[in-house]
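Just so it is clear: chains get the letters A, B, ... in the order the sequence lines come, proteins before strands, and each one is counted from 1.
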Number of protein chains: 2
Amino acid sequence: MGRSGDTRERIVRASARLLLSGSYGSVSVDDVCAAADVRKGSFYHFFPSKAELAKAVIDLHADALLERLAAASGDTAAKRLHGVADAVGGIQAGFEATYGRVVGCPFGNLAAELSTVDDTVRDHLASAFARWEHGFAAICHQAEHEGVLREGVDPDRLAHSLLAHTQGRILLAKVGGLSATDIAATLHDLIDVHLREGAA
Amino acid sequence: MGRSGDTRERIVRASARLLLSGSYGSVSVDDVCAAADVRKGSFYHFFPSKAELAKAVIDLHADALLERLAAASGDTAAKRLHGVADAVGGIQAGFEATYGRVVGCPFGNLAAELSTVDDTVRDHLASAFARWEHGFAAICHQAEHEGVLREGVDPDRLAHSLLAHTQGRILLAKVGGLSATDIAATLHDLIDVHLREGAA
DNA sequence: TCGGCAGTTGACCGATCGGTCAAGAGAGCC
DNA sequence: GGCTCTCTTGACCGATCGGTCAACTGCCGA
């Protein structure tokens, strides 16, 4: 035809869904096509390979995440940091509501499974993580300038630490069958312990 | 026989190797059999399924880890905590030396990939994580009794936090192509920020 | 009006997947 | 010696995997 316009998007969104409720290995191209109501030939018109689809899904999530994180600027660093924790918790709570349990971080899941398998996907994930971490780092530097960072705390290392903690905490919730509501709480703890006493 | 005796062990060790350099989905039963020099029928004599093999690999790593963590008891809590950080870093450095890069945590990798796919494997991983966390918690409680914990820090939550941080930090090193040598350093940071000033 | 081209379709491919099975082979026990 | 039980073998299975292809369809610009 070809008519359409939204075929590619339907594929990406359907596979984003499937990848969250399963894994890269457990989701076949046929599964994706069925979920998106698209024939396989059409799929391969838009994506040269299954791995390329994964990258598109990564981009989808990365855009959504950065948009959400950029929302709360123009506030104090402490509030922004806690806002990030709430945002992460909110996203995970949304996933939990949709899928019935904590299904992990879209980046972290693919990173754990594919980093050692496909270098191009790993690069894609690495840059998504880097952008995420830079967003954290900007807030941490703001905190340093505001003087609310505990002495000896390096803002860049704190940003890295926050990201690591986020990933690890989500993973533990996923494997342990824990609720998403506690994820934000532990992130708040981590933030507070790095701030001076009395900094909200 | 049936001669042998070490066939099962060879299978488990070979697949532990393959699972670290790849993923559960990227390693086939045929791969495992070839690496262990075992025919497929023999494999299925010892393991009813591929998933059951994964559980055996989990047990292998869990035993090795707990043995390593139990080594440094009878010291101050602060030293023991830092000892745990060094142990984790040492394990990862060993993997890095063997595989040429950081390949992730054996538990974390499988947890991310299989938690949403196979509930029995997820249970297995959850109990491995729980034992690990309990080991951490024991040291954190010791730290509390020694009075070296910063005020407001809950030992159980700290143990959970340490585990989460460990997992996240290893994942970031894996996807970012970072060196394993820095993993221990960030864990030391996290421990120090939770201890009172002056506590070694 | 017509040609080209993005999009679509469904049939098809070889490879590989996890798993099965009947038959054999050797150690240990009687 | 012979029985049994564990282990081993290699051939085999249907299903599914990621990916290809030639043909078709309809919009759009010339």
Side-chain angles (χ1 to χ4, degrees), chain A residues 1-19 21-58 109-110 113-122 124, chain B residues 1-19 21-58 109-110 113-122 124:
Chain A
M1 43 179 101
R3 65 153 251 276
S4 129
D6 72 329
T7 304
R8 197 194 123 102
E9 191 188 340
R10 253 169 36 230
I11 295 173
V12 175
R13 301 194 88 89
S15 63
R17 242 181 295 127
L18 292 175
L19 283 177
S21 53
S23 68
Y24 181 83
S26 77
V27 173
S28 70
V29 175
D30 285 318
D31 292 336
V32 170
C33 290
D37 191 30
V38 160
R39 258 45 57 196
K40 211 195 274 201
S42 241
F43 175 95
Y44 280 99
H45 173 73
F46 291 102
F47 300 97
S49 70
K50 187 187 176 187
E52 218 60 35
L53 168 68
K55 294 182 203 169
V57 172
I58 292 166
N109 292 347
L110 291 172
E113 183 172 359
L114 297 180
S115 285
T116 49
V117 174
D118 187 310
D119 269 341
T120 72
V121 174
R122 203 206 65 211
H124 222 76
Chain B
M1 140 162 10
R3 72 151 250 277
S4 132
D6 70 331
T7 303
R8 197 194 124 102
E9 191 188 340
R10 255 169 36 230
I11 294 173
V12 175
R13 301 195 88 87
S15 63
R17 244 181 291 126
L18 292 176
L19 283 178
S21 52
S23 69
Y24 181 83
S26 77
V27 173
S28 70
V29 175
D30 284 318
D31 292 337
V32 170
C33 289
D37 191 30
V38 160
R39 258 46 58 194
K40 210 195 276 202
S42 239
F43 175 95
Y44 281 99
H45 173 73
F46 290 102
F47 300 98
S49 71
K50 188 188 176 187
E52 218 58 37
L53 168 68
K55 294 181 203 170
V57 172
I58 292 166
N109 292 347
L110 291 172
E113 183 172 357
L114 298 181
S115 286
T116 50
V117 174
D118 187 309
D119 269 342
T120 70
V121 174
R122 202 208 64 209
H124 223 75

In whole Å, what is the span from the [atom1] atom of [X] to the [atom2] atom of [N]?
X	N	atom1	atom2	value
B:Arg8	D:dT6	CZ	P	16 Å
A:His45	D:dC24	NE2	C1'	14 Å
B:Arg10	D:dC7	CZ	P	13 Å
B:Asp6	D:dT8	CG	C1'	13 Å
B:Phe47	C:dG19	CZ	C1'	15 Å
B:Leu18	C:dG18	CG	P	12 Å
B:Asp37	D:dC7	CG	C1'	15 Å

Checklist entry - With respect to the phosphate group of C:dG18, does any side-chain polar atom (N or O) of B:Ser49 fall under 4.0 Å of OP1 or OP2? => result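 Answer is no, no contact under 4.0 Å.
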Checklist entry - Would you say B:Arg39 reaches D:dT8's phosphate, i.e. side-chain N/O to OP1/OP2 under 4.0 Å? => result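 False: B:Arg39 side-chain N/O out of range (4.0 Å or more) of D:dT8 OP1/OP2.
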Item to check | Nearest-neighbour nucleotide for the A:Ser42 side chain, C:dT9, D:dG19, D:dT6 considered | outcome: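 Selected nucleotide (nearest to the side chain): C:dT9.
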Checklist entry - What's the closest nucleotide to the B:Tyr44 side chain, out of D:dT9, C:dG18, D:dG19? => result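 Closest nucleotide to the B:Tyr44 side chain: C:dG18.
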Checklist entry - Which residue pairs satisfy the salt bridge (charged side-chain N to carboxylate O under 4.0 Å, His left out) criterion with at least one member in residues 38-49 of chain A, sequence neighbours excluded? => result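 Residue pairs passing salt bridge (charged side-chain N to carboxylate O under 4.0 Å, His left out), neighbours aside: A:Asp30-A:Lys40, A:Asp37-A:Arg39.
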Item to check | Which residues share a ring-ring contact (aromatic ring centres under 6.0 Å, His included) with A:Tyr44, sequence neighbours left out | outcome: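 With sequence neighbours excluded, A:Tyr44 shows a ring-ring contact (aromatic ring centres under 6.0 Å, His included) to no residue whatsoever.
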Item to check | Close side-chain approach of A:Asn109 to A:Leu19, heavy-atom, < 4.5 Å | outcome: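 No; the side chains remain at least 4.5 Å from each other.
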Checklist outcome for this item: Contact string for nucleotides 11-17 of chain C, one letter per nucleotide 5' to 3', B = base within protein heavy-atom range under 4.0 Å, S = sugar-phosphate only, - = neither, reads ------S
Using salt bridge (Lys or Arg N to Asp or Glu O under 4.0 Å) as the criterion, list what pairs up with [X], not counting sequence neighbours.
X	value
A:Asp31	none
A:Lys50	none
B:Arg122	B:Asp119

Next on the checklist: How long is the straight-line distance from NZ of A:Lys55 back to CG of A:Leu110, given to the nearest 0.5 Å?
Outcome noted: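 Interatomic distance, A:Leu110 CG to A:Lys55 NZ, rounded to 0.5 Å: 12.0 Å.
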